[in-house]
Amino acid sequence: MRNDHPAATAAAVLDRVGGPANVTSVAHCMTRLRLSLADPAAADEAGLRALPGVVGVVADGPAWQIVLGPGVVDEVTAEVTTRVAAGQQGPHGTEFGNATVMRDSTDVREALRRRNATPFKTALRRIANVFVPLIPALIGCGILSGVNGMLLNTGWLPGLTPALSAVASAFLALIAVFVGVNAAKEFGGTPVLGGAVAAVVVYPGVAKVTVFGTHLAPGQGGVLGALAAALLATRVERWVRGRVPGALDVLLTPTVTVLVSGLVTLYGLMYAAGAAATAIGTAADWLLATAGAAAGLLLGGLFLPLVMLGLHQALIPIHTTLIEQQGYTVLLPLLAMAGAGQVGAALAVYVRLRHDVSHDSLRTTIRSALPAGLLGVGEPLIYGVSLPLGRPFLTACAGGAAGGGFVGFFAMLGTKVGATAIGPSGWALFPLLTGNRGPAVAVAVYAGGLLTGYAVGFAATYVFGFPRRPRVAAPA
């Protein structure tokens, strides 16, 4: 459902994050508005959570993620971007009402955020910021690739398939350039220089370059090589710019940046990144073939906490590497089982509370959030249902583990299930499914995993998701 008041939502959000002047960058993914704040202590987290339409808030130092849901987040992000660029702030106390500002706890909250903003988490967040903007194109091209594969298998419209293949494959063939542009932008370099150096990875002419006695292959190293190349270009650009006279900066800085970073990419980074990418593919295949059920249990069970913390986007480079190598990622169907456990848990909560009128608002929340949950958008159920209740969040993880174990078990038997693109999950992932035994088998195994996740999430929540009532002694 689209948001009828994106301007009001944007004004209220900016009012509670310290105003447009406190926002240093604005971005969004499929469900979350992502803001970087100059002064995190100026934001009112409780006020944000109290806004209608805000499903949840993830605060990690200067990086704030405000969960709004699919569709809505696009409109609100556009409004926020416009207001930040114009330096305008909505009136305090919009139609959403005033929230209580707990400034007395600012120092405590800021200390906790700084403690949690570890270098590892910060690095994962910044890498995610490089890849998140690419997700819409990955989804669109992935669906077109699946449609093209179906046409090729059935023999329908043979005149259309070459054109459809070109449209579906062009972005993935040049994704290294987009990664380079985004990486340079995220890490403080000039975006076009990051893209120029990353383009070396996919340039066909690299086949004439010999490294360690072998010719390089265009695309060797993939997105990992492009990311490393852009990071190197950013460092070189900063170093050069700080040492050349201002009059020569426009000539020397880009030239030295592209030359040095390009040569290092050719004679080092592409080879190393190619070895790393090969290792990722080999490790994924080995893990599923030898311990697929256990791996599925672990991945399916732990993915909801990653989503809750906003760290799940850091897996995008691994998914993209597998898609480049094998045509699909075998990890996404396993991780998608976490959403199935969440749906099962929410249904159990709904059934258990069906006679409790004091929880009518919670049941209303479940009814409104379930369609999104079935389509793989789990944040409304996480922040609106399972996480506030506590135990249902854990039992939802158990359901996700069971579904992941189901899909992983079939991988041990030789049936791999993969997705040709990333982003969707739940029922929305069906058009993107494929595998080593064809799309039909992949769809059947994935559907079995979803049903397992629903069932175990429901049963575990119904039985263990609520505290037992204390027994009352019988009268003497």
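A donor-acceptor pair is defined here as one N or O able to donate and one able to accept, closer than 3.5 Å; such a pair exists between the side chain of His215 and the backbone of Ala207. For Tyr446 (side chain) and Gly426 (main-chain N/O), a donor-acceptor pair under 3.5 Å exists by modelled atom type. Remark: the backbone N or O of Thr161 is not paired with any side-chain donor or acceptor of Ser165 at under 3.5 angstrom. A donor-acceptor pair under 3.5 Å is absent between the side-chain atoms of Ser145 and the main chain of Cys141, judged by distance alone. With hydrogens and angles disregarded, a donor-acceptor distance shorter than 3.5 Å links the side chain of Thr234 to the backbone of Ala230. Judged by distance alone, with hydrogens and angles left aside, the side-chain atoms of Tyr383 form a donor-acceptor pair with the main-chain N or O of Met308 at under 3.5 Å. No side-chain donor-acceptor contact under 3.5 Å links Arg235 to the backbone of Leu231. Judged by distance alone, with hydrogens and angles left aside, the side-chain atoms of Gln220 form a donor-acceptor pair with the main-chain N or O of Ala217 at under 3.5 Å. Asp44 contributes no side-chain N or O that, together with a main-chain N or O of Arg16, makes up a donor-acceptor pair within less than 3.5 Å. In this structure, Asn148 contributes its side chain and Leu144 its backbone to no donor-acceptor pair below 3.5 Å.
The local environment of CZ in Phe430 is crowded, with over 12 non-hydrogen atoms from other residues, nucleotides or ligands closer than 6.0 Å.
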Any chance you could lay out the side-chain contact (heavy atoms from CB on, under 4.5 Å) test for Arg49 and Glu45, step after step, and finish with the verdict?
-> CA-CA 6 Å; Arg49 292 183 184 277; Glu45 185 174 342; 2.9 Å; yes
Tell me, with the steps shown, if Leu266 and Leu216 meet side-chain contact (heavy atoms from CB on, under 4.5 Å).
-> CA-CA 8 Å; Leu266 283 172; Leu216 291 174; 3.9 Å; yes
Apply side-chain contact (heavy atoms from CB on, under 4.5 Å) to Leu48 and Val17, showing your working.
-> CA-CA 8 Å; Leu48 281 172; Val17 297; 3.8 Å; yes
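At a threshold of 4.5 Å between non-hydrogen side-chain atoms, the residues Tyr203 and Pro218 do not count as touching. Residues Cys397 and Leu302 have side chains not in contact (no heavy-atom distance under 4.5 Å, counting atoms from C-beta outward). Contact of the Glu79 side chain with the Thr9 side chain is not registered, since no non-hydrogen atoms from C-beta on lie closer than 4.5 Å. Side-chain contact check for Met412 versus Thr290: every heavy-atom pair is 4.5 Å or farther apart. For the pair Val201/Thr265, a side-chain contact is recorded, criterion being any heavy-atom separation below 4.5 Å from C-beta on. Side chains of His28 and Val76 form no contact here, defined as non-hydrogen atoms less than 4.5 Å apart. Put simply, the side chain of Ile323 reaches to within 4.5 Å of the side chain of Ile422, judged on heavy atoms. When side chains are defined from C-beta on, Asn182 does not count as touching Pro191, because their heavy atoms never get closer than 4.5 Å.
Contacts of Arg126 classified as salt bridge (Lys or Arg N to Asp or Glu O under 4.0 Å), with partners at least two apart in sequence or in another chain: Glu186. Take Val26 and apply the side chain to side chain contact (heavy atoms under 4.5 Å, CB included) test, not counting sequence neighbours, and it matches Val23, Leu33, Leu35, Thr77, Val80, Thr81, Val84.
Atom CG of residue Leu193 and atom NZ of residue Lys185 lie 15.0 Å apart, to the nearest 0.5 angstrom. Taken to the nearest 0.5 Å, the CD1 atom of Ile135 stands 6.5 Å off from the CD1 atom of Ile139. Rounding to the nearest 0.5 angstrom, the gap separating the CG atom in Asn129 from the CZ atom in Arg34 is 6.0 Å. Atom CZ of Phe187 sits about 6.5 Å away from atom CG of Leu227, to the nearest 0.5 Å. Note that CE of Met150 and CG of Leu157 are 9.0 Å apart. Values are rounded to the nearest 0.5 Å. Note that the CG atom of Leu287 and the OG1 atom of Thr282 stand 12.0 Å from one another [nearest 0.5 Å].
Among all heavy-atom pairs drawn from Ile382 and Pro388, the shortest one is O-CD, 3.5 Å.
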Taking only distance into account, with no hydrogens and no angle test, what donor-acceptor pairs under 3.5 Å do side-chain atoms of residues 326-342 form with protein atoms, sequence neighbours excluded?
from   : atom 1 : to     : atom 2 : distance (Å)
Gln326 : NE2    : Asp285 : OD1    : 3.4
Gln326 : NE2    : Asp285 : OD2    : 3.1
Thr329 : OG1    : His319 : ND1    : 2.9
Thr329 : OG1    : Leu331 : N      : 3.3
Gln342 : OE1    : Ser386 : OG     : 3.4
Gln342 : NE2    : Leu381 : O      : 3.1
Gln342 : NE2    : Ser386 : OG     : 3.0

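Between Phe171 and Phe178, the two ring planes are tilted [angle within 30° to 60°].
Judged purely by distance below 3.5 Å, without hydrogens or angles, the side chains of Glu237 and Thr190 pair a donor atom with an acceptor atom.
Of the candidates Thr31, Val58, Asp60, Val58 is the only one forming a side chain to side chain contact (heavy atoms under 4.5 Å, CB included) with Gln65.
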